[in-house]
Amino acid sequence: MSPNERNAETRSVTLHMVSSLDGFIAKKDNDVSWMDNPGSVYEAGVSISEEEAAAFVQKIDCYVLGSRTYEHALQLGWPYGDTPVIVVTGRKLPSAKKSIEFYSGDLKTLVEEKLAPRYRNIWLVGGAMLCQRFLELGLVDEIVLTIAPVLLGEGLRLFGASSMPDRWNLKNVVAYKNGFVELSYSATVDLSLK
Ligand SMILES: NC(=O)c1ccc[n+]([C@@H]2O[C@H](COP(=O)([O-])OP(=O)(O)OC[C@H]3O[C@@H](n4cnc5c(N)ncnc54)[C@H](OP(=O)(O)O)[C@@H]3O)[C@@H](O)[C@H]2O)c1
């Protein structure tokens, strides 16, 4: 088995998003400040230290972003450090850092031919449009959804009408002291067999 084939088998695409209780990832005007501590306190919850968070993030091999998330991340303050970032876009965008690559084209080809040979722990971090395309194509192995204790009423919906697969296995639940809950799911079907 070649290294490329081995990596294709072991690579994992994790969709991670922070959602409001009513399923939105941003307000209509793109505001995401509601993600900052909304003042909820859950005494029985856990909190993680900066060191623990840094150790977790260090295990991520690359991030995949839609172009609108990329542009918003540049405005808000780049949260991805020097970890490789692949921005999906049909436009010619200026690169803000050496760690950024742009990709335009088929998403299955992106995952299987461009990412899998190089990376194992691939994190798809938004936005809604790109995550929905990945879900429709069955390219997501895990979903990690962080639910914020806030109702937005309207905004940008995380999930669209058609997602693949439609059943997911709950793997882990973590409730945090600030009232956020993290739900981790794996795809029920073995996507590598498709
Ligand atoms: N709550 C959270 O966890 C979270 C996480 C991430 C983002 N957000 C927020 O979500 C908003 C952005 O989300 P969004 O859904 O509007 O946009 P998005 O998914 O970030 O970006 C959409 C863009 O990605 C490109 N794209 C998507 N699919 C493609 C494909 N198959 N082939 C080629 N290009 C493709 C297109 O770029 P071009 O138009 O350049 O061709 C498209 O316009 C921002 O406000 C951001 O802050 C929230």
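Read the numbers this way: they start at 1 and go in the same order the structure lists the ligands and their atoms.
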_So that I can tick it off, tell me whether Glu154 and Lys27 are bridged by a salt bridge, with the cut-off set at under 4.0 angstrom between side-chain N and carboxylate O._
no

Taking only non-hydrogen atoms of Ala26 and a 4.0 Å limit, the atoms of ligand 1 in range are 45 (O)

N or O contact, Ser19 vs ligand 1, cut-off under 3.5 Å:
no

Original post:
Once the angle between the rings of Phe102 and Tyr70 is folded into 0 to 90°, is it parallel (under 30°), tilted (30 to 60°) or perpendicular (over 60°)?
Top reply: perpendicular

When distances are taken from atom 48 (C) of ligand 1, the protein heavy atom at minimum range is Ile25 O, 3.4 Å

Restricting to heavy atoms, the pick from Gly160, Ser67, Ser20 nearest atom 23 (C) of ligand 1 would be Ser67

task = Any chance you could lay out the side-chain contact (heavy atoms from CB on, under 4.5 Å) test for Val111 and Arg11, step after step, and finish with the verdict?
result = CA-CA 9 Å; Val111 172; Arg11 66 102 176 117; 3.4 Å; yes

the protein heavy atom lying closest to atom 6 (C) of ligand 1 turns out to be Val125 O, 3.1 Å

Side chain or backbone, does Val32 bring an N or O within less than 3.5 Å of an N or O on ligand 1? no

Nearest heavy atom to atom 22 (C) of ligand 1, choosing from Lys28, Lys27, Met129, belongs to Met129

Original post:
Is there any N or O on Ala128 that sits under 3.5 Å from an N or O of ligand 1?
Top reply: yes

Is the closest N or O pair between Gly127 and ligand 1 shorter than 3.5 Å? yes

**Message:** Checking the N or O distance criterion of under 3.5 Å, is ligand 1 in contact with Arg68?
**Reply:** yes

I'd like to know if Arg118 pairs up with Glu113 as an ion pair, taking the criterion as any Lys NZ or Arg NE/NH1/NH2 lying under 4.0 Å from an Asp or Glu carboxylate oxygen. no

With nothing but distance in play, are any N or O atoms of Thr89 less than 3.5 Å from an N or O of ligand 1?
yes

Min over Val88, Val18, Leu145 of heavy-atom distance to atom 35 (C) of ligand 1 lands on Val88

Mind checking whether Phe56 and Trp123 have ring centres under 6.0 Å apart? yes

Separation between CG (Asp61) and CZ (Arg120), nearest 0.5 Å, reads 8.0 Å

Query raised in the report: Contact between Met35 and ligand 1, counting heavy atoms under 4.0 Å?
Result: yes

heavy-atom search around atom 28 (N) of ligand 1 in the protein gives Leu130 CD1, 3.6 Å

Worksheet entry | Lys/Arg N to Asp/Glu carboxylate O, Arg68 vs Glu71, below 4.0 Å | no

